[in-house]
Amino acid sequence: MDSGSPSSTLVWLRDDLRLDDNPALSEAASLGQPLIVVYVLDEDSPGVRPLGGATKWWLHHSLTDLAAALEAAGSRLLLRRGPATDIIRDLALETGASTVLWNRRYGGPERRVDAGVKDWAAEHGLKAASFQANLMFEPWTVRTGAGGPYKVFTPFWRACLDGSEPRLPLDAPERLPAPSTDAGGRPPAGDALDSWRLLPRRPDWSGGLATTWQPGEAGAWQRLADFLDGPAEDYGTGRDVPGVEGTSRLSPHLRFGEISPFRIWHALRERFPHSAPADVGIFRSELGWREFCWQLLYENPQLATRNYRPEFDRFAWQAPSNAELAAWQQGRTGYPLVDAGMRQLWQTGWMHNRVRMAAASFLVKNLLADWRLGEAWFWDTLVDADAASNPANWQWVAGSGADASPYFRIFNPVTQSRKFDAGARYLREYLPELSGLDDKAIHEPWKAGGLAAGYPEPIVGLPESRARALETYQRLKDG
DNA sequence: TGATTATTTGT
DNA sequence: CAAATAATC
């Protein structure tokens with residue numbers, strides 16, 4: 001190494017687009033060497049799942065926010081594109097890096113990539129280190145008495161809670177070392193974000209996303225603050241009412257690591273210091289479901305394509321017609337709660353969890369469509385589309401997953417609508433053509449002459465489709 | 001983190 | 001006979 005050019009540190013950011021509680025970044029800052037912070041758009045490594053449309057939109061804005069935050073701290077975000085192993089290797093050589101740091105991820109193809117970088121670094125005398133940042137309970141640390149992974153959520157989460165408290169979050173470094181420069185004083189060259197074309201155009205469907213969300217760390221902290229000061233205390237009941245802001249809406253921020261689960265955990269602890277209300281425990285268990293889903297993906301890297309329960313390979317899914325699938329996707333099934341949810345998804349990139357269950361159950365049970373069709377649509381349209389939670393929860397609804405919903409649990413979209421949207425606030429927000437119907441009639445518009453305004457007739461009858469689903473599941477059970 | 005139907009309870 | 005409870009899918 002040239003004595004005139006000190007070696008540098010490389011921090012590789014992935015699904016951890018934050019300065020707060022970022023162990024890799026904090027470690028890099030403490031080393032004091034010139035620091036390169038890089039994000040790699042990797043659509044080339046084998047098995048790595050390409051982002052959907054909504055997450056691409058989110059990523060663009062999140063990276064914009066991250067770049068500004070890094071610059072404010074004296075650093076700079078470098079963007080490069082390609083197979084990550086090659087990109088990181090080349091960048092390390094180019095910048096004379098002595099150390100490469102990152103926060104761990106848990107998907108199969110991603111772990112192979114990271115292991116490849118670690119092996120290369122070891123062979124070439126570089127130090128490579130990874131950190132725990134994105135899961136509070138890493139999959140291999142939560143084991144049953146027999147030493148295997150948990151297959152049921154409740155004992156999984158109990159085992160997590162019985163262990164030691166998640167570590168305290170790290171504060172964001174106030175200053176970061178400037179990047180290393182070449183002989184001309186220039187930092188490494190990277191891509192312009194716009195050249196990645198992550199934003200939709202022709203048509204630009206992102207208007208509703210932009211008015212709903214503020215991607216980036218500041219937006220994540222705002223959501224957390226709003227939640228702690230508002231719905232958190234009544235989360236247990238409020239979370240089930242889609243017409244009310246009763247949930248945290250932190251999911252896309254967690255998806256991109258704009259806020260750390262450790263930060264959320266301890267913020268809850270501080271806000272409710274003495275004997276947290278039961279509602280806070282329920283919210284905390286939702287963080288637990290996220291951890292459980294990642295543990296499932298860690299153990300089952302094919303979770304998005306293979307039935308977790310192999311007996312479901314024999315299940316007689318019915319391929320929906322193009323018209324049926326389109327009706328579901330576009331919110332024209334004739335069932336108001338399902339349609340409101342699907343339109344909320346299309347317009348805002350997000351759907352209330354209660355409605356997700358109802359909409360997913362409708363596709364998988366009333367239409368008997370393969371859960372992978374729904375998973376793929378959600379992957380493309382959700383801003384919180386997560387490689388673990390999305391397939392795990394679809395399999396949960398289908399009955400093919402871990403700790404799955406029993407086959408006979410079939411949501412009735414009308415019953416759910418009456419029960420959780422009694423005042424029809426949610427229905428009226430997303431189904432303006434039904435807003436004239438009263439609170440009783442709006443849940444079943446086909447009965448009240450409510451179809452005049454162009455709202456569709458139900459595409460399938462509930463009693464028949466329910467019976468068909470029960471028979472089909474029964475046949476699987478009988479072998 | 002169901003729905004439906006049968007049965008029992010309470011007024 | 002409405003409402004809670006249980007049994008069944």
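Just so it is clear, the structure is predicted and the values come from calculations on it, not from any experiment. Proteins get letters first, then strands, A, B, ... in listed order; numbering begins at 1 in each.
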**Asked** Under 6.0 Å between ring centres, would you say that holds for A/F378 and A/W371?
**Response**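 Not close enough - the centres of the two rings lie 6.0 Å or further apart.
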**Asked** A/F283 and A/W265: aromatic ring centres closer than 6.0 Å?
**Response**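 When the ring centroids of A/F283 and A/W265 are compared, they turn out to be at least 6.0 Å apart.
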Nucleotide [N], atom [atom2] - distance to [atom1] of [X] in whole Å:
X: A/R466; N: C/dT8; atom1: CZ; atom2: P; answer: 15 Å
X: A/D240; N: B/dT1; atom1: CG; atom2: C1'; answer: 7 Å
X: A/Y235; N: B/dT1; atom1: OH; atom2: P; answer: 14 Å
X: A/M357; N: B/dA3; atom1: CE; atom2: P; answer: 10 Å
X: A/L462; N: B/dT4; atom1: CG; atom2: P; answer: 8 Å
X: A/E471; N: C/dT8; atom1: CD; atom2: C1'; answer: 16 Å
X: A/Y407; N: B/dT1; atom1: OH; atom2: C1'; answer: 19 Å
X: A/F283; N: B/dT1; atom1: CZ; atom2: C1'; answer: 16 Å

Look at the side-chain N and O atoms of [X] and state whether any lies under 4.0 Å from the OP1 or OP2 oxygen of [N].
X: A/T415; N: B/dT4; answer: yes
X: A/N412; N: B/dT4; answer: yes
X: A/Q416; N: B/dT1; answer: no

**Message:** If you apply the rule ring-ring contact (aromatic ring centres under 6.0 Å, His included), what do you find for A/W396 with A/Y308, and how did you get there?
**Reply:** CA-CA 9 Å; A/W396 180 85; A/Y308 175 87; over 10 Å; no
**Item:** Chi angles and distances behind the ring-ring contact (aromatic ring centres under 6.0 Å, His included) call for A/W289, A/F156
**Value:** CA-CA 9 Å; A/W289 272 98; A/F156 167 84; 9.0 Å; no
